[in-house]
Protein chains: 2
Amino acid sequence: MEPVTMLLAMSYRAMGDRFHERLAQVGLEPLRPAHGYVFRFLAEKRATAQDLATHLGVTKQAAAKIVNELVEWRYVLREPHPTDKRAQYVTLTTKGRDYLRFADGMWADLEGEMAEIIGPERLDALKNDLKRYLDHTGVHHLRPVW
Amino acid sequence: MEPVTMLLAMSYRAMGDRFHERLAQVGLEPLRPAHGYVFRFLAEKRATAQDLATHLGVTKQAAAKIVNELVEWRYVLREPHPTDKRAQYVTLTTKGRDYLRFADGMWADLEGEMAEIIGPERLDALKNDLKRYLDHTGVHHLRPVW
DNA sequence: TCCTTGTAGACAACTTGGTTGACCATATCG
DNA sequence: CGATATGGTCAACCAAGTTGTCTACAAGGA
């Protein structure tokens with residue numbers, strides 16, 4: 001029997017691949033997981049590039065690159081920081097918020113698909129088991145660089 | 001509730017991190033997942049660099065780099081192909097086989113740890129559910145580049 | 001046999017997504 | 001006010017892959 005590690009990795013990959021397949025079908029830019037992480041972060045609070053860097057667990061330079069891409073693609077825009085003239089806030093555009101809704105819907109679809117296959121009650125049990133494992137091992141935040 | 005995708009990714013990462021922690025403790029070279037894949041492949045059959053490339057799902061050049069590292073670190077060695085003067089077989093050294101045993105033991109330990117946390121019967125169910133999902137989505141082989 | 005076509009492996013240049021280091025302008029604290 | 005810390009940018013580097021090219025050998029006809 002295959003080790004759990006493999007099964008976890010493969011399942012994650014399977015879902016991720018299906019996600020990106022559909023992304024490509026819709027003709028969207030090739031967004032990476034890190035971008036999704038940025039969107040979700042920005043949806044909750046205003047943040048500077050440095051805030052994003054901290055949240056993503058990368059250097060500010062790496063975060064700046066990501067922000068640059070997203071600005072070019074019109075998913076986010078920079079606006080002046082009200083009190084700190086060095087800093088700039090990064091905020092979601094309408095396109096950015098639309099993408100986030102779209103992505104959330106798709107993840108939900110994929111999870112629903114899984115529920116159909118293994119049964120909703122098994123899915124629930126599975127999620128609970130994984131959460132208990134994570135709780136025990138003390139992993140609560142995950143860098144989006146996988 | 002967090003989406004399954006996140007939970008799968010985080011659980012995989014948690015196990016992987018624990019694995020590499022222990023690797024580092026033992027003072028071994030910083031082997032990546034791809035290396036483990038190579039070992040497991042070589043343990044079963046003799047293979048050329050090209051065979052490995054196909055198995056790993058990367059170009060032969062990328063496979064050649066990996067083989068070079070492993071040769072430097074004395075985990076594998078090259079020997080002439082008996083019938084094809086172009087090709088070379090890559091075979092595990094004793095050090096390579098030792099590593100493989102060590103790694104297998106550690107993965108088993110980590111799985112045992114998970115069994116303790118969520119219960120052996122839940123672990124079993126979880127693995128079965130994931131397998132059913134993978135079966136359904138048609139993912140049977142996974143490239144080690146995650 | 002020879003000749004064409006295919007393939008294993010090496011070498012080099014490029015790409016991607018990160019890193020470190022240096023710097024400027026502005027903030028902040030004693 | 002002055003020393004020190006911090007946000008953002010620029011530039012150089014690195015790691016792990018890619019594509020493209022080349023050589024030597026293999027293999028299957030004509």
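Throughout, a chain's letter reflects where its sequence line sits, starting with A, and its residues are numbered from 1.
Between the CD1 atom of A:Ile66 and the P atom of D:dG7 there is a distance of 17 Å, given to the nearest Å. When rounded to the nearest whole Å, the span between CG of B:Leu52 and C1' of C:dA10 equals 16 Å. The distance between atom CG of A:Leu31 and atom C1' of C:dG17, rounded to the nearest whole Å, is 15 Å. A straight line from CG of B:Asp51 to P of C:dG9 spans 8 Å, rounded to a whole angstrom. Atom CG of A:Asn68 and atom P of D:dC10 are 8 Å apart (whole Å). Distance B:Leu56 CG to D:dG17 C1': 12 Å, rounded to the nearest Å.
Using a 4.0 Å heavy-atom criterion, one finds that B:Thr59 contacts the bases of the nucleic acid, with or without backbone contacts as well.
Between B:Asp98 and B:Lys95, none of the side-chain N atoms (NZ, or NE/NH1/NH2) sits under 4.0 Å from a carboxylate O, so this pair counts as no salt bridge. Using a cut-off of 4.0 Å between Lys/Arg side-chain N and Asp/Glu carboxylate O, B:Glu113 and B:Arg22 are scored as salt-bridged.
Listed nucleotides D:dG17, D:dG7, C:dA8 differ in distance to B:Val58; the shortest reach to its side chain belongs to D:dG17. For B:Thr48, the listed nucleotide lying nearest its side chain is C:dG9; candidates were C:dG17, C:dG9, D:dG7.
A:Arg122 places no side-chain N or O within 3.5 Å of a backbone atom of B:Asp129 that could act as its donor or acceptor partner.
The local environment of CZ in B:Arg40 is crowded, with over 12 non-hydrogen atoms from other residues, nucleotides or ligands closer than 6.0 Å.
Less than 4.0 Å separates DNA chain D from at least one heavy atom of each of the following residues of residues 76-88 of chain A: A:Arg86, A:Ala87, A:Gln88.
With hydrogens and angles left out, the side chain of A:Gln61 and the base of D:dG7 share no donor-acceptor pair within 3.5 Å.
In the model, B:Tyr75 has a side-chain atom that pairs as donor or acceptor with a side-chain atom of B:Glu29 under 3.5 Å. Between the side chains of A:Thr48 and A:Asp51, at least one donor-acceptor pair of N or O atoms lies under 3.5 Å.
Remark: B:His136 engages no residue in a ring-ring contact (aromatic ring centres under 6.0 Å, His included) (not counting sequence neighbours).
Residues A:Lys65 and A:Lys60 each lie close to DNA chain C; by heavy-atom proximity, the contact nearer the 5' end of the strand is made by A:Lys65.
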